[in-house]
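In this text the structure is predicted, and so the values were computed from the model without any measurement.
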Amino acid sequence: EQGYVKVSPAAPLRRYKRKRSRMETLSREERIKLIDEARGTRWFALIYLLATSGLRPSEALALTYDDVDLEQLTVTVNKKLTYFNKDSYIFENATKSDAGDRDIPLLEEVAAALEEHMQWQKKVGAYDPALALVFGDDRGNPVDSRWVMNSILKPPAHQVGIKKNVTNYTFRHTVGTAIGRTKDWT
């Protein structure tokens, strides 16, 4: 038994528990203002999808054309995008949990926004057929969710007077909270 410790020297220590900050949610009015502010912009379809679906940002940014069914009004969630830095990212063919693989229903208006966005992508060449991403950069490459938060979500939120800290998960928390409160949340 030489080289082994019978009792861990860390055993008497208490584990540090970080105080979790309260998650921010948007009111229905704030959500509508933010969606309206984004209308007509390149990222309108992404904001509208996030605001109404509860998707994780990494799931939305990993969506491909094959995942979007405009006739059935669904998106299939079966992967996520993990972005490390400008030139380093991976698509994981799994979501955060086993229950994460799912079909999400789309509102007709969201489906129309997605269809318009996808047509625009192909028209201007912001589409890479090898990746077939619904939400890519000007060449169809993946975008970093932190960039989406800082460049796509926060500016319009400030423009419409939302004082809350709008993050990539604000919409997910908002949708979950709204569904928990009522069945008619849209």
Side-chain angles (χ1 to χ4, degrees), residues 20-27 30-35 37-39 41-68 74-107 109-111 113-114 117-118 121 126-128 131-160 162 164-180 185-186:
R20 297 183 86 185
S21 60
R22 182 180 161 100
M23 66 179 163
E24 295 274 17
T25 60
L26 300 177
S27 68
E30 289 170 327
R31 192 166 49 105
I32 290 168
K33 279 184 184 179
L34 193 48
I35 291 168
E37 183 67 23
R39 197 175 302 279
T41 68
R42 174 187 174 172
W43 298 102
F44 171 65
L46 175 62
I47 290 174
Y48 207 1
L49 177 66
L50 290 172
T52 58
S53 68
L55 284 175
R56 292 178 180 91
S58 61
E59 295 168 342
L61 295 174
L63 288 175
T64 63
Y65 276 54
D66 289 342
D67 298 325
V68 179
T74 60
V75 292
T76 299
V77 179
N78 55 18
K79 60 190 161 301
K80 66 181 179 177
L81 171 66
T82 301
Y83 206 92
F84 300 108
N85 60 46
K86 185 179 178 195
D87 299 315
S88 181
Y89 58 86
I90 59 169
F91 289 99
E92 297 180 63
N93 288 328
T95 53
K96 185 176 177 182
S97 68
D98 290 339
D101 286 6
R102 63 208 185 276
D103 288 333
I104 302 288
L106 294 173
L107 297 171
E109 298 84 7
V110 176
L114 283 169
H117 173 77
M118 291 160 70
Q121 272 186 308
Y127 172 76
D128 178 350
L131 294 174
L133 291 174
V134 175
F135 301 110
D137 67 10
D138 291 340
R139 295 184 311 251
N141 294 317
V143 293
D144 182 4
S145 63
R146 292 167 296 199
W147 177 82
V148 169
M149 179 179 65
N150 292 320
S151 301
I152 306 305
L153 296 178
K154 286 184 182 272
H158 289 189
Q159 287 173 332
V160 297
I162 297 172
K164 297 172 182 170
N165 182 27
V166 176
T167 70
N168 282 330
Y169 278 84
T170 301
F171 284 134
R172 182 168 171 79
H173 297 154
T174 299
V175 170
T177 300
I179 289 171
W185 65 275
T186 56

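In this structure, E37 contributes its side chain and A157 its backbone to no donor-acceptor pair below 3.5 Å. Under a 3.5 Å cut-off, the side chain of Y65 and the backbone N or O of M118 do form a donor-acceptor pair.
Looking at I152 and W147, their side chains come closer than 4.5 Å, going by heavy atoms from C-beta outward. Between K154 and N165 the shortest side-chain heavy-atom distance falls below 4.5 Å.
By the 30° and 60° cut-offs, the orientation of the rings of H117 relative to W43 is tilted.
Here CE of M149 is found 9.0 Å from CG of D144. Values are rounded to the nearest 0.5 Å. From S27, atom OG reaches atom CD1 of I162 across 7.5 Å, with rounding to the nearest 0.5 Å. The distance from atom CD of Q121 to atom CG of D138, rounded to the nearest 0.5 Å, is 10.5 Å. Interatomic distance, OG1 of T170 versus CG of L50, reported as 10.5 Å (0.5 Å rounding). Taking CG of L106 as the reference point, atom OG1 of T52 lies at 7.0 Å (rounded to 0.5 Å). In this structure, CZ on R31 lies 8.5 Å from CZ on F171, to the nearest 0.5 angstrom.
Scanning both residues, A38 and I47, for their nearest heavy atoms gives CB-CD1, 3.6 Å. Shown here for T177 and M23, the closest heavy-atom pair between the two residues is OG1-CE, 4.4 Å. Looking at every heavy atom in both residues, L133 comes nearest to N141 through CD1-C, 3.9 Å. Minimum heavy-atom separation, S145 to N168: O-ND2, 2.7 Å. When all heavy atoms are compared, the tightest approach of A60 to L46 is CB-CD1, 4.0 Å. Residues A113 and F44 approach most closely at CB-CE2, 3.7 Å, considering heavy atoms.
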Check the pair V75, V134 against side-chain contact (heavy atoms from CB on, under 4.5 Å), reporting the backbone distance first and the verdict last. CA-CA 11 Å; V75 292; V134 175; over 6 Å; no
Check the pair V148 / F135 against side-chain contact (heavy atoms from CB on, under 4.5 Å), numbers first and verdict last. CA-CA 10 Å; V148 169; F135 301 110; over 6 Å; no
Pair Y169, R56 - check side-chain contact (heavy atoms from CB on, under 4.5 Å), show working. CA-CA 7 Å; Y169 278 84; R56 292 178 180 91; 4.0 Å; yes
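Every salt bridge (charged side-chain N to carboxylate O under 4.0 Å, His left out) that E30 has, sequence neighbours left out, goes to K164. With sequence neighbours excluded, no residue forms a side chain to side chain contact (heavy atoms under 4.5 Å, CB included) with H158.
Around atom NZ of K33, no more than 12 heavy atoms belonging to other residues, nucleotides or ligands sit under 6.0 Å away.
Shown are R102, K80, R172; of these, the side-chain hydrogen bond (donor to acceptor under 3.5 Å, both in side chains) with E59 is made only by R102.
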